[in-house]
Protein chains: 2
Amino acid sequence: MPNPQSMSLYTVFLRVARDSSFTAAARTLGYTQSAVSRQIQTLEDEWGVPLFDRLPRGVRLTEAGRVLLPHAEAVEARLATARAEIEALRTLAAGRLRIGAFATADAQLLPSALAAFRARHPGVRVTRAEGLSAGLLQLLTAGELDLAVVTAPEGAPDGVELHHLLDERMYVALPRSHPLAGRTDVRLAELADEEWIAGSTRPEQTLMRTAVADGFRPRPGFVVAEWIAKQGFVAAGLGVTLVPALAACAARPDLALVALHPDDAPWRAVYAATPRGPAPTPAVAAFLALLRQAAGRLAS
Amino acid sequence: MPNPQSMSLYTVFLRVARDSSFTAAARTLGYTQSAVSRQIQTLEDEWGVPLFDRLPRGVRLTEAGRVLLPHAEAVEARLATARAEIEALRTLAAGRLRIGAFATADAQLLPSALAAFRARHPGVRVTRAEGLSAGLLQLLTAGELDLAVVTAPEGAPDGVELHHLLDERMYVALPRSHPLAGRTDVRLAELADEEWIAGSTRPEQTLMRTAVADGFRPRPGFVVAEWIAKQGFVAAGLGVTLVPALAACAARPDLALVALHPDDAPWRAVYAATPRGPAPTPAVAAFLALLRQAAGRLAS
DNA sequence: GTCCCGCCATGCGACAAGCGAATGTCTAGC
DNA sequence: GCTAGACATTCGCTTGTCGCATGGCGGGAC
């Protein structure tokens, strides 16, 4: 049963040209002879010239038909190519996937999923973007990303679909020598005297957001954006800082990570965001599944 | 008003892709928005994937759509090329014309028409075949000729259409010194004592055919096929021969041509033969018209 | 916050196109 | 002359396509 898409007038034309017969072409195409006769007639009406000479035994291309023939073949070939390429897209043998993630998701969650994805679908070109959640969502709605890993997007979840990946708890990074370094968890109040190393001068844009909203006023210390620098400052005893669970595995060994009590900084939700639409791309669906898997492994 | 032929699904697809809008595409194509919407849906069903993302302000190509786009453009371009070539065929800016003619038609009738044809339609490639009427008709029915100039085809006018061009009378070629050289016409009986130079040993295949059928028995002389040789023999006084009117203009000046009485050799009909079919090629039609013109000039 | 507007999807009825089955027409070959 | 094969045509039905109308959805203006 041939693909209905390929049953265009030109397919019929080519079949007839090759068979030099309406009847034979009809048989191989699964049509009746009358259908083929009229399809060719339709084609001839469209082109304004007869394409076949009707002979007592079959048909023969006219000169116009002979001129049309290579073009029809080219059209068929081109459509076949397109069909193969789109099929490749569907089966993830080719294509494009543009993902974005906030920084700490790049520590383990995203690379893990990405490695699995590239291993299974080496034909898909993957491009990456880094950024804060708000910016990534903007790129997503602008159609410049296919999927973004974001955190608690209170801002504007308009036109995007959120898929919950995991909830991560917060840790405090301390020097190994700190008195609290051996604790299983800690309250913010116990750290009121520490200098806090923040990623930004505005606490609303840092991990301290929820704590600040609850009334906690950290002693401001250095402002350090880079993760490696932050760790260095803490290790040197210049202050303490918050570390999300996703980044915990990337902490240098001379730091102690102590879990923060959930009442002080509740677990942070991490989502994969996709454009709102009836059908996510196969590539997006596959990557999302792998993200879920990776998130499951991290949560356990 | 666009050519209906070009209004395929792919044309609509391309227009929508360029306009990024169903509504705008519908306006320029002369459709309603709903028609475009469903045409795209049909295309998406055929390809099995969505081709456009529906946005609040228009649409945007999906990845599959972006893959399809260049192929659709190529298909359109190819069909446009085909359209141009077939149009060239119709307007005789290009094409092919295969003609054939019996020998004496090549003396003036056919070259005259051919010269006019090539002057008017230099883009048409013309090929020529020589032969006897019967063979030419065979080539014609075999589809290897488009037009043949033939004489009284009693044989088998099957599958060919005959267009009467002219009726030519017969002449007798005599040496200038011959007693009958000054006459305006002559009867065969007056030439009973002459040696007859024939083109073949079989009188049925020569110009003497009708005379032989009427009971005339010429004194057999040399058998000479080539026209230039025949003339030489007659000029040397070795005999007389029949000359059709079409070849009269090509007779060497030292010969005398005397018209044969119509009762002895009735005027010979010359036809243009074309394959029986509802529509002769434009090239054939044009050449036939020029043949008629040339025949008219010769008859007068 | 509410309204309005632009854009796409869809239900509906009318019309045309496309199909299969049967029949007609033409030709070649015996 | 008759038969067989091939294309054209007619008929009735199914299917598709269009325009018109309506509905849903989101963004921008007031």
Side-chain angles (χ1 to χ4, degrees), chain A residues 2 4-5 7-13 15-17 19-46 50-62 65 138 141-143 156-161 275-279, chain B residues 2 4-5 7-9 11-13 15-17 19-46 50-62 65 138 140-143 156-161 275-279:
Chain A
Q5 135 124 37
M7 295 296 267
S8 76
L9 291 181
Y10 294 101
T11 305
V12 176
F13 168 74
R15 191 72 257 154
V16 171
D19 292 349
S20 292
S21 158
F22 287 7
T23 307
R27 262 196 299 272
T28 64
L29 291 174
Y31 281 144
T32 60
Q33 171 264 329
S34 84
V36 172
S37 172
R38 266 167 311 180
Q39 297 219 34
I40 296 300
Q41 183 134 6
T42 300
L43 211 50
E44 288 176 328
D45 290 345
E46 281 183 1
L51 298 172
F52 291 98
D53 281 327
R54 273 69 166 176
L55 307 178
R57 286 273 183 276
V59 297
R60 185 179 50 209
L61 281 171
T62 63
Q138 207 165 348
T141 57
D158 61 319
V160 306
E161 195 136 3
R276 160 121 37 216
Chain B
Q5 136 124 35
M7 294 297 267
S8 76
L9 291 181
T11 305
V12 175
F13 169 74
R15 191 72 257 154
V16 171
D19 291 350
S20 293
S21 157
F22 286 8
T23 306
R27 262 197 299 271
T28 64
L29 291 174
Y31 281 144
T32 60
Q33 171 264 329
S34 84
V36 171
S37 172
R38 267 169 304 195
Q39 297 218 33
I40 295 299
Q41 183 130 11
T42 300
L43 210 52
E44 289 177 328
D45 290 345
E46 281 183 1
L51 299 172
F52 292 98
D53 282 326
R54 274 67 167 179
L55 307 177
R57 284 273 183 276
V59 297
R60 184 179 50 209
L61 282 171
T62 62
Q138 207 165 347
L140 200 69
T141 58
D158 60 318
V160 307
E161 195 135 4
R276 160 119 39 215

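In what follows, chains are A, B, ... by sequence order, proteins preceding strands, each numbered from 1.
- Taking atom CD of A:Gln39 as the reference point, atom P of D:dC7 lies 15 Å away to the nearest angstrom.
- When the P atom of D:dA8 is taken as reference, atom CD of A:Glu44 falls 8 Å away, rounded to whole Å.
- Of the possible donor and acceptor atoms, one in the side chain of B:Arg54 sits under 3.5 Å from a partner among the backbone N and O of B:Phe52.
- Atom CG in A:Leu29 sits roughly 11 Å away from atom P in C:dC19 (whole-Å rounding).
- The side chain to side chain contact (heavy atoms under 4.5 Å, CB included) test applied to B:Thr32 returns B:Ser34, B:Ala35, not counting sequence neighbours.
- For the pair A:Phe22 CZ and C:dC19 C1', the computed distance is 16 Å after rounding to whole Å.
- Taking the nucleotide of DNA chain D with the nearest heavy atom to each of A:Val59 and B:Ala35, the more 5' of the two is matched to A:Val59.
- Of the listed nucleotides (D:dA8, D:dT17, C:dT10), D:dA8 has the atom at the smallest distance from the side chain of A:Ser37.
- The residue A:Val36 sits apart from the nucleic acid: no heavy atom pair falls under 4.0 Å.
- Note that CZ of B:Arg276 and OG1 of B:Thr141 are 12.0 Å apart. Values are rounded to the nearest 0.5 Å.
- Remark: the A:Gln33 side chain and the D:dA8 base include a donor-acceptor N/O pair separated by less than 3.5 Å.
- In this structure, B:Tyr31 does not reach the D:dG19 phosphate: none of its side-chain N or O atoms is under 4.0 Å from OP1 or OP2.
- Between the C1' atom of D:dC7 and the CG atom of A:Asp53 lies a distance of 13 Å, rounded to the nearest Å.
- Note: CZ (A:Arg60) to C1' (D:dA6) measures 15 Å, nearest angstrom.
- Side-chain atoms of B:Ser34 come within donor-acceptor range of the base of D:dC20, with a qualifying N/O pair under 3.5 Å.
- Mapped onto DNA chain C by nearest heavy atom, A:Arg57 and B:Pro56 fall at different nucleotides, with B:Pro56 at the one closer to the 5' end.
- Place A:Arg27 and A:Arg38 on DNA chain D by their nearest nucleotides, and A:Arg27 ends up nearer the 5' end.
- Across its full length, the helix from C:dG1-D:dC30 to C:dC30-D:dG1 shows an angle of 20° between the axes of its 5 terminal pairs at either end, rounded to 10 degrees.
- Put simply, CG on A:Leu43 is 14 Å from P on D:dA8, counting in whole angstrom units.
- Between the B:Thr42 side chain and the B:Arg38 main chain, a donor and an acceptor come within less than 3.5 Å of each other.
- Formation of a donor-acceptor pair under 3.5 Å by the B:Thr62 side chain with backbone atoms of B:Pro50 is found in this model.
- Between B:Gln41 and C:dC8 there is no side-chain polar atom (N or O) within less than 4.0 angstrom of OP1 or OP2.
- Within 4.0 Å (heavy atoms only), B:Thr23 reaches sugar-phosphate atoms of the nucleic acid but no base atom.
- The line from CG of B:Leu29 to CZ of B:Arg15 is 7.0 Å long, rounded to the nearest 0.5 Å.
- The CG atom of B:Leu43 lies 11.0 Å from the CD atom of B:Gln41; values are rounded to the nearest 0.5 Å.
- No hydrogens or angles were tested; on distance alone, nothing pairs the side chain of B:Arg54 with the base of D:dG26 as donor and acceptor under 3.5 Å.
- For B:Arg57 (side chain) and B:Leu55 (main-chain N/O), no donor-acceptor pair under 3.5 Å exists by modelled atom type.
- If you take CZ of A:Phe52 and P of D:dA8, they are 11 Å apart, rounded to a whole angstrom.
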